[in-house]
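Written out below as structure tokens is the structure these notes cover.
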Amino acid sequence: MARVPRRCFIGAMTLRRPPPPAPPPPRNRTVAVLAYDGLCTFEFGVAVEVFGLPRPEMADWYQFRVCAAEAGPLRAVGGIQVLAEGGLDDLAAAGTIVIPGWRGMDAAVPPTLLDALRRAHAAGARLVSICSGVFVLAAAGVLAGKRATTHWRYAKALAERHPDIQVEPDVLYVDEGSVLTSAGSAAGLDLCLHIVRRDHGARVANQVARRLVIPPHRDGGQAQFVEAPLAEEAAPLSALFDWIRRNLDQDLPLARLAIQARMSERTLVRRFREAAGTSPKDWILTARLNRARTLLEATSLPLEQVAADCGFGSADTLRHHFRARLRTSPAAYRGRFADAAE
């Protein structure tokens, strides 16, 4: 029997594959962050800040442990040393293991570390890399056949050395369920908040973000970096971005944007890509999806109303873009991330 494509039409009937199931929760709340000689201090600090600080106001928070990959004390970037309380044996009991960078993409990974990661993953541990830490996961073989990302400077090398990995060089992070990877250093914050969001819901993730004084959510599909700095003549786009956000429920063709920005359409497209790293159409789609996610999390509005308020026009269109960009349905997203108080 021929395979049914993701979406096909037979007369007036539409056949769709159901959205993929939500990733399973971690096997426990223990987060182990790896420490190694040559430790990337910022990436290590990201994991400590998100998972390691005590948060008594939050129920069932993480248990945190630092695990040394080798005998210490371990040197870290910036002239400091780390003396870890745990070792590789402790990875076996962790529900989540964070690899905060690595000492170099050409630096060999100790076989003992690779074995410990493979065993932990096979037993159900969730593996997370920040920036160059992806090379450790690649060496362990846990990314074979999966999508992954890393800092844009390392993406080409990762793809060349590991052709069995689908490298996505222009995103902030990739969630493959039991293996998650982030781009450059600051994107590690986005990925760690995404994990908190997965485990504890949107309200808790927003509280953690407020403590960190950072935006509560940046979509993993956003571009990593802007290829060119904003020039003075591009400053009007800042006002245009704000105007678009205020008018997402309206039709926003390129011609209307150009009038609002007082530019020709060609100039606007060029300036927009310089400023945002993407096209106006894609930027607006991301903004609409982010608005929809907020409404699904924080309100009980019917799906048709959410679609109208975000400029999608219909619930069917909203579902289409959710599946294409987020690989889930609005209903499944609401069920997973809606505030407990709703």
Side-chain angles (χ1 to χ4, degrees), residues 6-7 147-156 158-159 166-175 182-187 189-191 194 214-295 306-328 330:
R6 182 175 180 86
R7 182 174 180 179
R147 299 176 305 124
T149 193
T150 185
H151 193 288
W152 57 268
R153 292 174 57 197
Y154 307 138
K156 182 179 179 181
L158 180 65
Q166 183 182 333
V167 179
E168 300 195 357
D170 55 353
V171 299
L172 295 177
Y173 58 83
V174 172
D175 181 346
S182 87
S185 304
L189 279 168
D190 296 296
L191 177 55
H194 170 74
I214 61 175
H217 182 77
R218 287 200 298 167
D219 179 33
Q222 287 185 221
Q224 282 193 36
F225 67 106
V226 178
E227 294 184 0
L230 284 174
E232 289 185 7
E233 59 267 29
L237 288 187
S238 178
L240 178 63
F241 294 154
D242 291 338
W243 181 86
I244 291 172
R245 292 189 185 97
R246 293 194 301 269
N247 294 277
L248 286 175
D249 60 330
Q250 301 181 28
D251 190 25
L252 298 174
L254 181 61
R256 185 179 181 188
L257 301 181
I259 292 172
Q260 183 68 28
R262 299 181 181 179
M263 299 177 187
S264 69
E265 293 182 21
R266 178 177 294 182
T267 298
L268 175 61
V269 170
R270 176 171 55 83
R271 295 272 180 84
F272 208 102
R273 187 167 292 279
E274 290 172 350
T278 189
S279 66
K281 181 179 179 181
D282 192 64
W283 193 92
I284 291 171
L285 174 59
T286 298
R288 283 174 166 156
L289 284 170
N290 286 341
R291 170 77 64 81
R293 293 163 84 159
T294 298
L295 293 177
V306 172
D309 289 351
C310 299
F312 287 109
S314 71
D316 282 343
T317 302
L318 175 60
R319 291 187 189 99
H320 167 76
H321 288 296
F322 250 73
R323 288 191 178 96
R325 180 69 68 87
L326 305 176
R327 299 197 302 163
T328 189

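- Taking the side chain as every heavy atom from C-beta outward, Arg288 and Leu252 approach each other to under 4.5 Å.
- Among residues at least two apart or in separate chains, there is no salt bridge (Lys or Arg N to Asp or Glu O under 4.0 Å) pair with a member in residues 247-257.
- Scored by the side chain to side chain contact (heavy atoms under 4.5 Å, CB included) test, Leu254 finds Glu265, Leu268, Val269, Pro280 as partners (sequence neighbours excluded).
- A parallel orientation is assigned to the rings of Trp283 and Phe241, their planes being inclined by less than 30° (bins at 30° and 60°).
- In this structure, the side chains of Cys310 and Leu295 come closer than 4.5 Å at one or more pairs of heavy atoms.
- Rounding to the nearest 0.5 Å gives a distance of 5.5 Å between NE2 of His321 and CG of Leu285.
- Residues Thr286 and Thr278 are not in side-chain contact: their nearest non-hydrogen atoms beyond the backbone lie 4.5 Å or more apart.
- Every residue meeting the side chain to side chain contact (heavy atoms under 4.5 Å, CB included) condition with Arg147, not counting sequence neighbours, appears here in chain and number order: Gln166, Glu168, Val174, Glu176, Arg327.
- With rounding to the nearest 0.5 angstrom, the CZ atom of Arg271 is 8.5 Å from the OG atom of Ser264.
- Using a 4.5 Å heavy-atom cutoff, the side chains of Gln260 and Ile244 are not in contact.
- When all heavy atoms of Ala187 and Leu172 are compared, the closest pair comes out as CB-O, 3.4 Å.
- A distance of 15.5 Å separates OG1 of Thr267 from CZ of Arg262, quoted to the nearest 0.5 Å.
- The shortest non-hydrogen separation linking Leu248 to Ala287 is CD1-O, 3.7 Å.
- The two residues Pro330 and Leu318 come nearest to each other via the heavy atoms CG-CG, 4.0 Å.
- Of all heavy-atom pairs between Arg245 and Arg291, the closest is O-NH2, 2.7 Å.
- Nearest heavy atoms, Thr317 versus Ser314: OG1-OG, 3.0 Å.
- Between Leu289 and Phe312, the closest side-chain pair of non-hydrogen atoms falls below 4.5 Å.
- Here the shortest heavy-atom pairing between Ala307 and Ala315 reads CB-N, 3.8 Å.
- The CG atom of Asn247 sits 10.5 Å away from the CD1 atom of Ile284 when rounded to the nearest 0.5 Å.
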